[in-house]
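The basis for the numbers below is simple: all heavy atoms, side chains too, and nothing from hydrogens, waters or symmetry mates. In what follows, chains carry the letters A, B, and so on, assigned in the order in which the sequence lines appear, proteins first and then strands, with residues in each chain numbered from 1.
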Amino acid sequence: MSYDLAVVGAGPAGLTAARVAARRGLRVALLDAYATPGGQFLRGTAPPRLTGVDVMLGQRVWAVEKSSDGFRVHASTTTTATTLLVATGAHDKVVPFPGWDLPGVLTAGGAQALVKGERIRPGEEMVVAGTGPFLLPVAVTLLDAGVRVKEVLEANRPSPRMAAALALVPSKAREALGYASRLAAARVPYRTGHAVVAAHGEDSVEGVTVARLTPGWRPYAWRTVDCDTVAVGYGFTPQVDLLLQLGCAVAGDHVVTDDRQRTSVEGVLAAGEVTGVAGAPSAVVEGALAVHSLVGEPPPRLLAEKARLRRFARALDLSYPVRDGWRDWLTPGTVVCRCEEVTLRAIDEARDLGAHDPRTVKLLARPGMGWCQGRMCGHAVAALTGHEPAPQKRPFAQPITLADLTLHDREDNA
Amino acid sequence: MIEFRFEGRPVAAEDGQSIGAALHAAGIRSWRTTRIGGRPRGLFCAIGACFDCLLTVNGTPDQRACQTVARAGDEVTG
């Protein structure tokens, strides 16, 4: 059967959209790669009730294509729908540093997922480092799990813009205060203008070098901190693979939508982090607005709420950028591309040979050609070649076997 | 709780837990080495994006440890 709406991604945006659409009488399919809905944000919480929605879990969507009467969504089965909503979220962004490929270095989101979703303690003694307000809930989650959090290091400095943004969204201000008081009660120092600039150890992390940073992130005044695990996060990268496959217009790292979540491609909607990282409350609003582009008019209240949360997200973006000084943390031998083990030296050699853009550097030195397809190092390689990071086209959004491909081919011709 | 085997040795996992999380919690932090530098690899992103945590499950290679739910009796190798 064909659906009115296929939603890819069962996080806050996708769940909301599926629920609202079902309530409006649309035939809805909701697909997610995980065995339980919720996405990263709601991992480990009680599964939400979804009445009237065909929920398809464990479905890793590897491609979407336009067909004569809508879209074909390919996972381990193929789902067809008139309209497609992509709500595939984001993954952590990490800047490279010496030792960042040692086991025991985790992304901040990964460390949190291990507690919330997997119910394990990612480490015994940990340092949390990076930039952005997400570091606070990560540190608190780790504390609650019994981890000894030694320090939380925010590379940026407090910004007046951020204070103004918090005044815009009082609930966020309360949330931040709650985290801060929890850290203070546990005597965990929160240091701005500091970063983990190297991790040390033989087979696993045994300690890190912490440096003070200039406002542009150049390191000075180094010291070492013993710990067995590090959680690092420098913001998020929207997962826009499926939207790029369909040719949706992008701006920076995200997909462009109108006020009702319509992308530049007819019939394709996008909601949540893929439209620009803005957090779960914004994703919920966008999920609902996406359905209003199909049925009825968007309530002015939702439009106003979206505008307010977007202003807040924009202020966050401007307050917690990744600043160029991180390049000074690297040595020539630092691995930049983890999959292909491409060092800074190899990237510099490619540039010396005349590679002046990320694509030519990739062709000469292979960063981004491995299993992750540049998901981890893409932004860093772009920055190291003097370019703005841009989303990369990936014809396959997930790895699939040749056997799966031939199966799809047979179904197509059946 | 269920039990699977990593390189022949028993590892406990909670119901629904990934192989990667169970190994990490058991103190096994790396389960493969890289092709060029022989560097150890284990969990990094833990949400299926980085492909650092690849291992072989019941003979099927290149499975993401963080995305593969542990089943009783699984034979896992690096």
Side-chain angles (χ1 to χ4, degrees), chain A residues 33-36 39-40 43-44 58 60 89-92 94 99-115 117-124 201-205 228-229 231-233 237 239 333 335 338-343 370-373 375-377 398-399 401, chain B residues 1-4 6-7 11-71 74 76 78:
Chain A
Y34 279 87
T36 49
Q40 296 306 332
R43 273 193 94 173
R60 293 173 183 164
H91 58 73
D92 288 83
V94 176
W100 76 307
D101 63 330
L102 268 177
V105 178
L106 297 167
T107 66
Q112 194 186 44
L114 288 176
V115 177
E118 303 272 12
R119 302 167 305 279
I120 73 164
R121 201 155 58 216
E124 298 303 317
E202 279 297 314
D203 297 320
S204 185
V205 171
D228 54 59
T229 309
V232 274
T237 302
Q239 304 195 111
V335 164
R338 306 166 66 94
C339 301
E340 294 296 298
E341 300 172 78
V342 181
T343 59
W371 292 293
C372 93
Q373 290 287 288
R375 286 178 173 87
M376 293 298 116
C377 71
Q398 293 280 335
T401 62
Chain B
M1 290 295 264
I2 58 115
E3 199 175 271
F4 67 95
F6 172 71
E7 309 274 351
V11 177
E14 272 188 49
D15 266 357
Q17 208 168 42
S18 73
I19 291 174
L23 289 173
H24 191 90
I28 303 167
R29 290 193 154 202
S30 92
W31 40 84
R32 73 172 177 97
T33 51
T34 58
R35 305 191 304 283
I36 301 162
R39 301 270 293 165
R41 287 285 188 272
L43 293 180
F44 176 58
C45 84
I47 62 165
C50 80
F51 295 79
D52 259 12
C53 66
L54 297 179
L55 38 63
T56 299
V57 183
N58 300 322
T60 309
D62 301 333
Q63 302 301 299
R64 283 170 280 182
C66 73
Q67 301 290 296
T68 310
V69 173
R71 312 253 173 235
D74 277 346
V76 177

Original post:
How far does CG of L43(B) sit from OG1 of T229(A), to the nearest 0.5 angstrom?
Top reply: 10.5 Å
Segment of [X] engaging chain B (4.5 angstrom heavy-atom cut-off):
X       : value
E340(A) : both
L114(A) : side chain
R119(A) : both
R338(A) : both

Side chains of [X] and [Y] in contact at under 4.5 Å (non-hydrogen atoms):
X       : Y       : value
H24(B)  : E118(A) : no
Y34(A)  : I47(B)  : yes
P399(A) : R64(B)  : yes

Original post:
Looking only at heavy atoms, which two atoms of V105(A) and F44(B) are closest? And how far apart?
Top reply: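 Where V105(A) meets F44(B) most closely, the heavy atoms are O-CD1, 3.2 Å.
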Original post:
What is the minimum heavy-atom distance between C50(B) and M376(A), and which atoms define it?
Top reply: CB-CG, 3.6 Å
**OP:** Can you check whether anything in residues 34-41 of chain B gets within less than 4.5 Å of chain A, heavy-atom wise, and list it by number?
**Re:**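 So far as heavy atoms go, T34(B), R35(B), I36(B), G37(B), G38(B), R39(B), P40(B), R41(B) are the residues that approach chain A to under 4.5 Å.
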Subject >> Steps toward side chain to side chain contact (heavy atoms under 4.5 Å, CB included) verdict (I120(A), E14(B)) >> reply: CA-CA 10 Å; I120(A) 73 164; E14(B) 272 188 49; over 6 Å; no
Original post:
Quick one: what part of C53(B) sits under 4.5 Å from any heavy atom of chain A, side chain, backbone, both or neither?
Top reply: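 It is neither, since no heavy atom gets under 4.5 Å.
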Original post:
Under the side chain to side chain contact (heavy atoms under 4.5 Å, CB included) criterion, do D228(A) and R29(B) qualify, and how do the steps go?
Top reply: CA-CA 11 Å; D228(A) 54 59; R29(B) 290 193 154 202; 3.8 Å; yes
Original post:
When only pairs under 4.5 Å are counted, which of S204(A), A113(A), G370(A) shares the most heavy-atom pairs with chain B?
Top reply: S204(A)
